[in-house]
Amino acid sequence: MAIENGKPIENGKPQSTVKVTGTATVQPTKKPEAATCPLATFDLPYITFYYNQKILLYKTTPEQQFSDIVSKMKDGLAEALGYFYPLAGRLGQDEEKALYVKCDGEEGFEGGVEVLEAVAEGVEVTELAAEGNEAEKNSIIQELVPYTGVMNLEGFKRPLLAIQFTKLKDGIAIGCALNHAVLDGNSTWHFMSVWAELSRTPSSTPTDLPMHNRLAARSTRVPLTLPASPAAHEAVDPNGPAKLLVPRLFHFKADTVSQLKSSMNSSLPPEAKPFSTFQSLSAHIWRAVSRARSLAPTDITAFAVFGDCRSRVDPPMPSSYFGNLIQAIFTGTAAGLLLGSPPSYGAGLLQAAIDAHDSKAIIKRLDEYEAAPKLFHYSDAGMNCVAVGSSPRFKVYEVDFGFGQPERVRSGSNNKFDGMVYLYSGRDGDGSIDVELTLQPEAMEKLEKDEEFLNPVFSAK
């Protein structure tokens, strides 16, 4: 069931720290290049996931009026939608049951992006961006973004992008809900950077224009039989009812990340391919979560990476390819083997799985899906799973709308399950990394006390 702006309604009244003061629809400043945008096979697995939610927190000065900021950002948004026009559309399905985005031209079509304005003047950016007090902050942060609990399937009638501007005591929160059937993380941050650029310098030409030809990546038309409603799909979730989950943010300083990578690589022979920062940190997280879950030695634990396939497909697609061009890459092992082996063992499993996911593996996965399309549940990641759905390569702290870089970037609760991880580059751009991790309460309590995870001691193994 959808819960608007993060809070349920109790006794007929919303119980909320954040008060929505107005809504509007923003349209592109120019006619879209195409009336429709077909969804590719890469997009289809996410139709029964939920809108991705991102929250950016900014400090402002007293001279920067909230109304002026929002007006400029709406103008920049309208310009950006002229280039990223599918975001102003709605989902559609043709007579052959193939999915597409309606961008313009159909009778009765009403597109555009939903924009909400809200106020929470007793809440400080400084407080929300600071480390610590996570339990207290999470409920407030969730109110700063729309479309909580809204499935991508609802994009037939809802906007594919919804944005909430919230006035805070010392700044502004920008909460974005983006339909995951239409774009992935790479495209999300591409759009955000162009929107910010056009808000800073109106009427300019963006430095990095999106590529909208999804058929260049995969041209197969796939008929898809959709559920009658989001509730009907949720009712048959084999993973059972939603579990109580606790999200936390852990910050790893640059020197910790660097030493972790060096320690992982110290056991390798000279001719071996070194582990990346991502593989080293992911292995560290995987081991720590397995300890926190108190897995038995024979329990199987899986690790999933939602890997960007732009450079892996043949021919390669540019970074500007707009849409989903990701696939889940899996590996797994027994918990006893993962924890009883040197830390580099987990990094090696991840490296091998990622390296093996070449163009042939990508095509094999696409062929399998097209032969038997499946409506996934976002929690279908695997047994005792840890899954990474974002990359520290995304330049999230370079999204500057004209009043500096964000103080903090966070994700909303949508698509979070037990073991879900989002990695963000640290704000200072020094190589530090923020780890946003969701676990069940008992495991999270153990993880928060795990010194081996929080303050690893480095040695060659």
Side-chain angles (χ1 to χ4, degrees), residues 184-186 250-292 300-312 319 325-335 337-359 361-362 365 381-382 384-396 419-426 430-437 447 450 452-461:
D184 60 14
N186 186 83
F250 301 95
H251 179 73
F252 287 83
K253 295 180 180 180
D255 59 346
T256 302
V257 173
S258 177
Q259 292 178 60
L260 184 62
K261 180 180 178 180
S262 296
S263 178
M264 290 282 183
N265 281 296
S266 64
S267 61
L268 295 178
E271 68 276 8
K273 180 181 178 180
F275 301 128
S276 67
T277 297
F278 174 85
Q279 292 158 2
S280 302
L281 180 58
S282 294
H284 182 65
I285 296 168
W286 191 10
R287 286 167 55 86
V289 170
S290 297
R291 287 195 301 271
I300 298 300
T301 173
F303 197 103
V305 180
F306 288 88
D308 189 346
C309 296
R310 286 168 175 79
S311 64
R312 296 172 182 269
S319 178
L325 205 53
I326 56 175
Q327 283 185 340
I329 303 170
F330 293 94
T331 188
T333 187
L337 193 55
L338 178 68
L339 297 177
S341 302
S344 58
Y345 172 76
L349 290 177
L350 294 172
Q351 184 186 70
I354 292 170
D355 287 351
H357 204 75
D358 56 14
S359 61
I362 293 170
R365 183 81 61 81
N384 299 318
C385 186
V386 177
V388 177
S390 187
S391 170
R393 294 195 304 271
F394 297 153
K395 299 177 180 180
V396 301
M420 189 65 202
V421 179
Y422 293 95
L423 301 180
Y424 295 113
S425 60
D430 57 357
S432 62
I433 294 177
D434 288 338
V435 177
E436 195 176 59
L437 172 60
L447 186 70
D450 185 350
E452 187 177 346
F453 172 62
L454 301 172
N455 301 294
V457 176
F458 302 102
S459 61
K461 292 185 179 181

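- For an aromatic pair to be called close, the ring centres must be under 6.0 Å apart, and F306 with Y422 fails this.
- With sequence neighbours left out, A283 forms a side-chain contact (heavy atoms from CB on, under 4.5 Å) with M264, A347, L350.
- Side-chain contact between K261 and F275 is absent, with no heavy-atom pair separated by less than 4.5 Å.
- Scanning for side-chain contact (heavy atoms from CB on, under 4.5 Å) contacts around N455 gives E451, with sequence neighbours left out.
- In this structure, T301 contributes its side chain and N384 its backbone to a donor-acceptor pair below 3.5 Å.
- Residue L349 comes nearest to G332 through the heavy atom pair CD1-O, 4.3 Å, listed as atom of the first residue, atom of the second, then distance.
- Between the Q351 side chain and the P274 main chain, a donor and an acceptor come within less than 3.5 Å of each other.
- Nearest heavy-atom pair, L268 versus A272, reported as atom, atom and distance to 0.1 Å: CB-CB, 4.1 Å.
- Smallest separation of non-hydrogen atoms from F453 and R291: N-NH2, 3.9 Å.
- Here CG of N186 is found 11.5 Å from SG of C309. Values are rounded to the nearest 0.5 Å.
- Looking only at side-chain heavy atoms (C-beta outward), S267 and S344 come within less than 4.5 Å of each other.
- Look at K253 and D255 and you find no salt bridge, because none of the NZ, NE, NH1 or NH2 atoms lies under 4.0 Å from a carboxylate O.
- Atoms CG and CG, on L454 and L447 in that order, are 6.5 Å from each other to the nearest 0.5 Å.
- For Y345, there are no ring pair (Phe, Tyr, Trp, His ring centres under 6.0 Å) partners, not counting sequence neighbours.
- In summary, R393 and D308 do not engage in a salt bridge, as defined by a charged side-chain N under 4.0 Å from a carboxylate O.
- Here the side chain of R312 pairs no donor or acceptor atom with the backbone of A361 at under 3.5 angstrom.
- At least one side-chain heavy atom of L423 sits less than 4.5 Å from a side-chain heavy atom of I285.
- The nearest pair of heavy atoms linking S425 to P392 is CB-O, 3.3 Å.
- Two residues are said to be in side-chain contact when any heavy atoms from C-beta on lie closer than 4.5 Å; F303 and L338 fail this criterion.
- Summarising the geometry, atom OG belonging to S276 is positioned 8.5 Å from atom CG belonging to N265; distances are rounded to the nearest 0.5 Å.
- Residues R310 and D184 form a side-chain contact, since some pair of their non-hydrogen atoms from C-beta on lies under 4.5 Å apart.
- With contacts defined as side-chain heavy-atom distances shorter than 4.5 Å, the pair H357/V305 does not qualify.
- Side-chain contact between V388 and F278 is present, with at least one heavy-atom pair separated by less than 4.5 Å.
- Side chain of S262 to main chain of S258: a donor-acceptor pair is present (N/O by atom type, distance under 3.5 Å, no hydrogens or angles).
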*Evaluate the side chain to side chain contact (heavy atoms under 4.5 Å, CB included) criterion for residues V289 and L437: first the C-alpha distance (whole Å), next the side-chain angles of each, then the deciding distance (0.1 Å), finally the verdict.*
CA-CA 10 Å; V289 170; L437 172 60; 4.0 Å; yes
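- Here the closest non-hydrogen pair linking G307 and I329 is CA-CD1, 4.3 Å.
- Put simply, CG on D450 and CZ on F250 are 9.5 Å apart, with the number rounded to the nearest 0.5 Å.
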